[in-house]
Amino acid sequence: MKVVDFRSDTVTQPTPAMREAMAAAKLGDDVFGDDPSVNALQQAVAERLGFEAALFMPTGTQSNLAALLSHCQRGDEYIVGQFAHTFRWEGGGAAVLGSIQPQPLNHQPDGTLSLAEVEANIKPDDVHFARTKLLTLENTIGGKVLPLAYLAQASALALKHGLARHLDGARLFNAAMAAGGEPYAAAREITQHFDSVSVCFSKGLGAPVGSVLCGSAGFIQQAKRWRKMLGGGMRQGGILASAAHYALDHHVARLADDHALARRLAVGLQGLDGVTVEAPQTNIVFVDVAGPQAVGVLAHLKSRGVLATGLYKLRFVTHLDVSEADVDQAIAAMREFFAG
Ligand SMILES: *Cc1c(COP(=O)(O)O)cnc(C)c1O
């Protein structure tokens with residue numbers, strides 16, 4: 001039986017063509033700035049996303065942390081969503097390692113933070129308070145795309161109060177592809193509203209490892225110092241950067257296929273008793289399974305060769321290594337469970 005892995009878009013294996021690009025990569029010592037493949041990737045990402053400079057990072061977590069450390073000092077504060085990766089899923093790194101206080105806010109149903117609430121939580125210049133320095137958003141957030149008009153308003157609010165703006169764009173290109181149009185132009189429509197953006201290449205883009213942080217030349221200079229301190233100075237990093245560069249050139253437009261597979265899955269799960277499916281905007285399908293029926297569903301799926309996760313709701317993520325037949329296998333396993 002084939003095992004289909006919907007747990008995350010991080011599970012993708014590098015394709016044969018990507019491995020060839022890795023094998024052929026020209027390498028140097030990137031801590032000396034000598035790796036041509038790392039330099040080429042950084043330049044390409046900076047250009048295509050509309051920034052002065054970029055920095056190749058081992059993980060998205062380290063990329064976000066280096067960004068927060070570069071924007072904020074000890075005793076500063078960042079405003080962030082309760083379910084944002086930079087607050088909930090990064091071990092509290094900004095607070096633990098940076099002495100940067102998070103100000104988490106609840107999300108609205110569309111994933112946005114209420115701008116009235118953001119404004120109300122910007123602290124006045126007063127010795128009682130941490131200094132509010134940064135607004136951090138995430139796009140996509142829980143598979144949802146933040147509206148462009150919202151990004152413009154959030155950006156204007158941050159600028160009005162002198163806050164820097166960071167985007168955790170782990171799945172930036174999913175948001176761009178969902179918006180339609182030329183992918184890099186669509187991505188720049190989003191990134192133009194931020195001072196720094198972190199993009200993951202190890203998610204739906206299908207590279208084995210790596211993220212890229214973008215910003216001004218001065219900002220990236222600071223982030224580079226933090227990256228070294230955090231242990232992220234990689235030597236012949238080009239072997240990994242070449243995989244990310246291959247993904248940048250060849251795997252962005254195909255994210256639309258993942259979105260179509262997610263829609264196929266959501267449609268296939270409609271009409272099951274006690275099961276509520278949210279219409280997916282990108283490559284993540286959340287399924288609410290009521291009460292006692294929830295018990296055992298993950299184990300049943302696993303017995304049928306379908307891996308998913310279920311921390312808050314059942315979550316299925318489509319990616320490079322999932323086909324229409326694989327989606328149909330998941331639908332059949334779910335139908336079997338809920339019919340029984
Ligand atoms: C995956 C992810 C990251 C970074 O994760 P790493 O596993 O550290 O690369 C950051 N933000 C979001 C929204 C993510 O989904």
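Hydrogens, waters and symmetry mates play no part in the numbers below; they use all other heavy atoms, side chains included. We count ligands from 1, going down the list as the structure has it; atoms in each ligand are counted the same way.
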Looking only at the aromatic ring of each residue, does the gap between the centers of His245 and Phe201 stay below 6.0 angstrom? no
Can an N or O of Asp168 be found at a distance shorter than 3.5 Å from an N or O of ligand 1? yes
Below 4.0 Å from any atom of ligand 1, is there a heavy atom belonging to Glu90? yes
Parallel, tilted or perpendicular: which describes the rings of Phe337 and His300, with under 30° parallel and over 60° perpendicular? tilted
At under 4.0 Å between heavy atoms, which part of Asn64 makes contact with ligand 1: side chain, backbone, both or neither? side chain
Tell me which protein heavy atom sits closest to atom 1 (C) of ligand 1, plus the residue, atom name and distance to 0.1 Å. Lys203 NZ, 1.3 Å
Does an N or O from Thr61, backbone or side chain, lie closer than 3.5 Å to an N or O of ligand 1? yes
Is the shortest side-chain heavy-atom distance between Val38 and Met234 below 4.5 Å? no
Is the closest protein non-hydrogen atom to atom 15 (O) of ligand 1 under 4.0 Å? yes
Protein contact to atom 4 (C) of ligand 1 [nearest heavy atom, distance to 0.1 Å]: Gly60 CA, 3.4 Å
Run the numbers for me: atoms of ligand 1, each under 4.0 Å from some heavy atom of Thr59, listed by number. 8 (O), 9 (O)
Under 4.5 Å between side-chain heavy atoms, counting indirect links through other Ile/Leu/Val/Met/Phe/Trp/Tyr residues: same cluster for Tyr78 and Leu65 or not? yes
Classify the contact between Arg171 and ligand 1 as side chain, backbone, both or neither, using a heavy-atom distance cut-off of under 4.0 Å. side chain
Could you label the plane-to-plane angle of the Phe83 and His107 rings as parallel, tilted or perpendicular, counting under 30° as parallel and over 60° as perpendicular? tilted
Residue from Arg304, Arg264, Lys2 passing salt bridge (Lys or Arg N to Asp or Glu O under 4.0 Å) with Asp328: Arg264
To the nearest 0.1 Å, how far is atom 13 (C) of ligand 1 from its closest protein heavy atom, and which atom is that? Glu138 OE2, 3.0 Å
Applying salt bridge (Lys or Arg N to Asp or Glu O under 4.0 Å) to Lys123 and Glu77, what does each step give before you reach the verdict? CA-CA 9 Å; Lys123 315 289 183 288; Glu77 174 183 78; 2.9 Å; yes
